[in-house]
Number of protein chains: 2
Amino acid sequence: MDFRPIQAKKIYEEVVEQIRQLMENGSLKPGDKLLSERELAEKLQVSRASVREALRALEMMGFVEIKAGGGTFIKETSGDDIIQPLAMFLSIEKGSFFEIYEIRKIFEIAAAHLAAQRATPGDLARIEENLEMMKAAMTEDDSEKGEGSDAAFHFSIAEATQNGWLVRLLNTIADSFNKSISIARRQLYLTPGHPQLLIEQHTKIYEAIRDKNPILAQKTMLEHLSFAEGAMAKTLKIEPEFKLLT
Amino acid sequence: MDFRPIQAKKIYEEVVEQIRQLMENGSLKPGDKLLSERELAEKLQVSRASVREALRALEMMGFVEIKAGGGTFIKETSGDDIIQPLAMFLSIEKGSFFEIYEIRKIFEIAAAHLAAQRATPGDLARIEENLEMMKAAMTEDDSEKGEGSDAAFHFSIAEATQNGWLVRLLNTIADSFNKSISIARRQLYLTPGHPQLLIEQHTKIYEAIRDKNPILAQKTMLEHLSFAEGAMAKTLKIEPEFKLLT
DNA sequence: TAAATGTTAATGGTAAGACCACTGATCTTT
DNA sequence: AAAGATCAGTGGTCTTACCATTAACATTTA
């Protein structure tokens with residue numbers, strides 16, 4: 001006999017699917033207000049609890065925003081939050097320091113390369129601005145400001161690639177990463193001589209991008225990241241598992 | 001007066017947070033069985049519905065597996081599914097073809113580079129095996145088998161990097177991507193002359209990795225991906241927004 | 001008139017109880 | 001010992017009820 005299993009899909013998944021399709025074909029646009037939970041339950045012929053579970057799932061994935069007492073709305077900027085689960089995972093998963101950092105290196109190197117090809121004058125101005133802020137932070141001996149402008153520097157380079165997805169992914173990885181090793185990162189700035197080195201490295205990166213030299217940009221970025229990796233690994237007392245990306 | 005707003009965190013978020021912390025500090029290990037929904041509700045002094053909403057969220061993010069009638073378990077291989085929302089997003093978001101493909105190129109090129117440095121004899125054997133399967137698929141004119149072995153070929157290269165995270169991320173992106181453009185992908189194999197070209201390209205990639213030549217590996221991989229991108233864009237009638245990654 | 005205030009209906013948030021289908025282990029029968 | 005029946009436990013779903021918040025409307029007040 002050629003029987004096929006009876007459909008046993010969970011109800012909330014069906015609800016998610018229907019809403020997803022409405023978003024896909026454009027019937028639901030960002031900002032739109034969804035039917036109330038009670039109305040949805042009635043229309044779909046399911047309990048309100050099932051509708052709620054579906055909306056929870058969509059909320060976690062960043063597709064809708066639920067306002068208590070107000071209603072449920074299709075979220076405007078889906079995309080940034082899509083990767084929230086990744087951030088959560090990074091807080092749990094231990095011992096993959098070099099694996100994650102390698103991925104970050106892959107992204108950042110590519111970003112530097114692309115930025116050198118595509119950066120607009122406005123992009124360059126932003127990058128330089130962040131670089132100047134780093135220098136100011138050093139002379140003021142303000143390590144917190146230093147870290148902030150450092151992150152902003154890398155962010156502005158990612159933006160210069162004109163690839164929104166690259167910006168989102170790189171940011172998620174870098175943010176989660178910086179959080180999970182904040183101690184080592186702090187140490188990176190407090191070690192005598194390091195601030196000057198970091199500024200030199202950042203300056204080289206900026207100049208390569210400014211001069212529209214993709215190869216040099218990715219080379220200087222790699223040198224910078226490898227240096228930071230080594231310094232932080234030292235603080236964390238970890239040994240690299242294999243040869244670094246070159 | 002200096003009042004601060006009362007914390008009005010949603011209950012299910014609190015539940016998620018508590019479970020997350022238990023996973024983070026190791027009290028909950030992969031494979032462990034969670035308390036039943038009813039027990040959790042009693043221990044946490046919340047309703048079962050709230051517990052269920054929390055478990056739904058954890059399920060969507062791939063941290064737990066819920067078996068009807070069996071129980072809830074901490075998932076073994078969290079990581080593959082972490083990015084499921086990404087797959088859903090790709091089905092909604094239009095017009096980011098080149099952005100996503102660029103990210104895929106970044107990953108694949110880096111993977112080829114690293115594979116050439118780190119591939120073990122076993123890795124090389126697997127890569128070659130998939131290459132042979134592609135050739136067989138071509139002589140048999142089996143386009144489905146061709147696509148499958150093509151994906152397997154790229155997967156085995158990613159595995160050869162010895163970086164589990166790279167494998168996971170690249171797979172998620174490549175899978176979602178291939179699904180969303182399955183028509184164009186099919187066309188890629190049905191166009192006269194293309195199968196031979198694809199095999200030539202794959203062979204060059206394999207040889208570069210085998211000869212432990214990272215630079216050549218990433219060059220041949222880029223050529224291959226750019227060719228595929230151009231062919232698929234033609235089918236989809238899309239024009240690149242900017243110069244391709246070089 | 002216009003701003004502040006009170007009212008109210010709708011909405012999401014939570015709780016409690018009930019029943020069903022499925023799972024897995026135990027017990028019974030063969 | 002193997003096969004089948006039994007049964008307690010679990011997630012899946014539905015129903016009902018009440019609370020807290022929101023936003024729109026109506027009212028009062030300066």
Taking salt bridge (charged side-chain N to carboxylate O under 4.0 Å, His left out) as the test, write out the residues that go with A:E132, two or more places apart.
A:K135
Residues which pass salt bridge (charged side-chain N to carboxylate O under 4.0 Å, His left out) with B:K145, listed by chain and number, not counting sequence neighbours:
B:E140
With B:E159, which residues qualify under salt bridge (charged side-chain N to carboxylate O under 4.0 Å, His left out), at least two apart?
none
Mind checking salt bridge (charged side-chain N to carboxylate O under 4.0 Å, His left out) for B:E39 and listing every partner two or more places apart, or none if nothing turns up?
none
For A:F155, which residues count as a ring pair (Phe, Tyr, Trp, His ring centres under 6.0 Å) partner, sequence neighbours excluded?
none
Please list, pair by pair, any protein nitrogen or oxygen found under 3.5 Å from a nitrogen or oxygen in nucleotides 12-18 of chain C.
residue: C:dG12; atom: OP1; partner: A:T72; partner atom: OG1; Å: 3.4
residue: C:dG12; atom: OP2; partner: A:E37; partner atom: N; Å: 2.8
residue: C:dG12; atom: O4'; partner: A:G69; partner atom: N; Å: 3.2
residue: C:dG12; atom: N7; partner: A:R38; partner atom: NH1; Å: 3.0
residue: C:dG12; atom: N7; partner: A:R48; partner atom: NH2; Å: 3.4
residue: C:dG12; atom: O6; partner: A:R38; partner atom: NH2; Å: 3.0
residue: C:dG13; atom: OP2; partner: A:R52; partner atom: NH1; Å: 3.0
residue: C:dG13; atom: OP2; partner: A:R52; partner atom: NH2; Å: 3.4
residue: C:dG13; atom: N7; partner: A:R48; partner atom: NH2; Å: 2.8
residue: C:dG13; atom: O6; partner: A:R48; partner atom: NH1; Å: 3.2
residue: C:dT14; atom: OP1; partner: B:I11; partner atom: N; Å: 2.9
residue: C:dA15; atom: OP2; partner: B:S47; partner atom: N; Å: 2.7
residue: C:dA15; atom: OP2; partner: B:S47; partner atom: OG; Å: 3.2
residue: C:dA15; atom: OP2; partner: B:S50; partner atom: OG; Å: 3.1
residue: C:dA18; atom: N6; partner: B:R48; partner atom: NH1; Å: 3.3

